[in-house]
J.: 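Here it is, the structure, as structure tokens.
The basis for the numbers below is simple: all heavy atoms, side chains too, and nothing from hydrogens, waters or symmetry mates. Order of appearance sets the numbers: ligands from 1, and atoms from 1 within every ligand.
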Amino acid sequence: MSAEIKDVRAREILDSRGQPTVHVDVWLEDESRGSFSVPSGASTGEHEAIELRDGDAARYFGKGVLNAVSNVNNIIRSALIGEPADDQRSVDDTLLNLDGTPNKSHLGANAILGVSMAAARAAAVSKKMPFYRYLSEGSSLSMPIPMMNILNGGAHADNGLDIQEFMMVPHGFSKFSESLRAGAEVFHKLKSILKKADLVTAVGDEGGFAPRLNSTRQALDLILEAIAQAGYQAGTQISLALDVAASEFYDASKQNYQFKDTGLVDSSRLIQFWKELTESYPILSIEDGLDQNDWAGWQSLTSTLGQQVQLVGDDLFVTNPAFIQKGISSKAANAVLIKLNQIGTLSETMSAIHMAQKAGYKHVVSHRSGETEDTSIADLAVATSAAFIKTGSLCRSERIAKYNRLLEIEEELTK
Ligand code: PGA
Ligand code: ZN
């Protein structure tokens, strides 16, 4: 069979933060090759699959991934040679069985995901299909709306803002390329506004600005000003979105949030704050507005705001069908963030997406704060008709690569 795996090879490469990560190549008998570079998070959810790091302080201060690379080149390679790359479930089952742990800590989710995705990419090449078409398995394709990170705080910056990401969502355009242009224009406007105000225009990990600001409202006002100055209408053409990453400032022992805008508060007061904020700003989506283990809070947040605002579970769900099921049954959140490396195989990621879709939860395909030049998530978003893609700001090539891939896909789909 032509799609049989002939070889599997991994190497240690660097991600956008200059930290080691895993790159995998898979070759098939018909000479097709597929590759994948694994991303890495900073504000990782507690229940994410385990990213295997060497812990050898003599290399990369312990962050090397030679053990994960070796797991691919030895254990995984010998198990997969001769197997069909176009049977994703079977490739992933082999990987899961070889690992044998619930959180992929034996071989490492970085090793496993690298192979899972590189095998899929090789199978698409073998079938002479664009990756998005291969992934879609015949279901309909559509372009996602970008949720663009424009101001950074939290664990992604060092500037006094607690909210990790302030995003703009250019939804009032008929083509992706027009949304992208609008986003880029607002980004450049914001830069000149910050400059004039003597604020720093250096960017954070995902390419958003990270000026020293005093409050959430000040950050939102600056973005609204940039939207207006770029000649767009806030609310109808471009709305706002937040990734609060609230787990980062939650104290589980005291069950409270240490949030600068409100001071020390419990979840009901924080929910009240989100309500007030969405009443005064055109915010259409809030991600991780509460802690990853605050399920009662999430239920209350969803019953308070779920009709008006998209409430996205990132750390809450960690792309894991078991947690998503819990969210659906308990009416917590109404949308799911999808990050391949949180769960560690393509098949499980697809199950997470299908589960969300069935329950009427939207899904947002997402990058990580540590990225590479890999563009597979652009294809994944189109293949699964994701409502949104979250892939950073309008600078830094590891972010722009995904936008540029989406431009290419849009052109192919409109031919
Ligand atoms: P991370 O951030 O990749 O550092 O987890 C992205 C996010 O929280 O959405
Ligand atoms: Zn997040």
Side-chain angles (χ1 to χ4, degrees), residues 15-19 21 37-51 53 63 109-110 113 144 146-158 161-169 203-208 210 240-250 274 283 285-294 298 301 309-320 323-324 327 332-344 349 352 356 362-372 374 376-377 380-381 386-393 396 398-399 402:
D15 72 11
S16 57
R17 285 193 273 247
Q19 301 290 6
T21 189
S37 301
V38 179
S40 174
S43 60
T44 48
E46 198 179 308
H47 307 285
E48 291 194 21
I50 301 295
E51 180 183 80
R53 299 265 173 204
K63 293 205 165 174
N110 40 359
L113 180 66
M147 300 177 79
M148 297 158 148
N149 180 333
I150 186 158
L151 281 176
N152 284 356
H156 290 177
D158 187 15
L161 286 175
D162 276 335
I163 293 181
Q164 180 175 284
E165 297 176 40
F166 295 81
M167 292 171 277
M168 56 178 164
V169 189
V203 296
D205 286 349
E206 297 182 351
L240 307 176
L242 304 174
D243 178 6
V244 179
S247 304
E248 299 290 317
F249 55 83
Y250 182 65
W274 300 137
I283 294 172
S285 177
I286 299 178
E287 177 181 332
D288 283 351
L290 293 173
D291 178 71
Q292 60 201 331
N293 294 312
D294 187 1
W298 270 95
L301 173 66
V309 182
Q310 172 172 278
L311 301 168
V312 187
D314 170 15
D315 291 351
L316 181 74
F317 293 140
V318 290
T319 317
N320 187 325
F323 288 98
I324 296 169
N334 57 24
V336 181
L337 203 76
I338 297 293
K339 290 168 166 168
L340 286 154
N341 78 324
Q342 279 182 328
I343 185 73
T349 304
K362 289 201 169 139
H363 71 284
V364 180
V365 171
S366 173
H367 65 162
R368 297 309 304 247
S369 52
E371 263 296 331
T372 70
D374 197 287
S376 303
I377 59 166
L380 180 65
F388 300 101
I389 187 167
K390 202 181 125 175
T391 187
S393 178
R396 295 187 64 129
E398 77 278 7
R399 316 291 150 185
K402 281 72 162 174

J.: Side chains of Met147 and Ser285: does their closest heavy-atom pair fall under 4.5 Å?
T.: yes
J.: Who are the residue neighbours of ligand 1 when the rule is a heavy atom under 4.0 Å from any of its atoms?
T.: Gly41, Ala42, Ser43, His156, Gln164, Glu165, Glu206, Asp243, Glu287, Asp314, Leu337, Lys339, Arg368, Ser369, Lys390
J.: Quick one, Glu398 and Pro39 - any side-chain contact, counting heavy atoms below 4.5 Å?
T.: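 With C-beta onward as the side chain, the pair stays apart.
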J.: Kindly determine whether Val312 and Lys390 satisfy side chain to side chain contact (heavy atoms under 4.5 Å, CB included), including the steps that lead there.
T.: CA-CA 12 Å; Val312 187; Lys390 202 181 125 175; over 6 Å; no
J.: Taking 2.8 Å as the distance threshold, tell me the number of protein N/O/S atoms next to the Zn ion (ligand 2).
T.: 3
J.: Answer yes when Lys402 and Glu371 have at least one side-chain N-carboxylate O distance shorter than 4.0 Å, and no when they do not.
T.: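 Yes, charged N to carboxylate O under 4.0 Å.
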J.: If you measure from the Lys or Arg side-chain nitrogens to the Asp or Glu carboxylate oxygens, is any gap between Arg368 and Glu51 under 4.0 Å?
T.: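 Answer for the salt bridge query: no.
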J.: With respect to Ser369, which candidate in Glu165, Glu206, Arg17 satisfies the side chain to side chain donor-acceptor pair (under 3.5 Å) definition?
T.: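 That would be Arg17; it is the only one of Glu165, Glu206, Arg17 passing the side chain to side chain donor-acceptor pair (under 3.5 Å) with Ser369.
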J.: Quick check on side chain to side chain donor-acceptor pair (under 3.5 Å): which of Thr349, Thr319, Asp314 does Lys339 satisfy it with?
T.: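 Exactly one candidate clears the test, Asp314.
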J.: Tell me, with the steps shown, if Val244 and Phe249 meet side chain to side chain contact (heavy atoms under 4.5 Å, CB included).
T.: CA-CA 10 Å; Val244 179; Phe249 55 83; 3.6 Å; yes
J.: Given 3.5 Å as the limit, does a donor-acceptor pair link the side chain of Asn334 with the main chain of Val309, or not?
T.: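 Judged by distance alone, yes, a pair lies under 3.5 Å.
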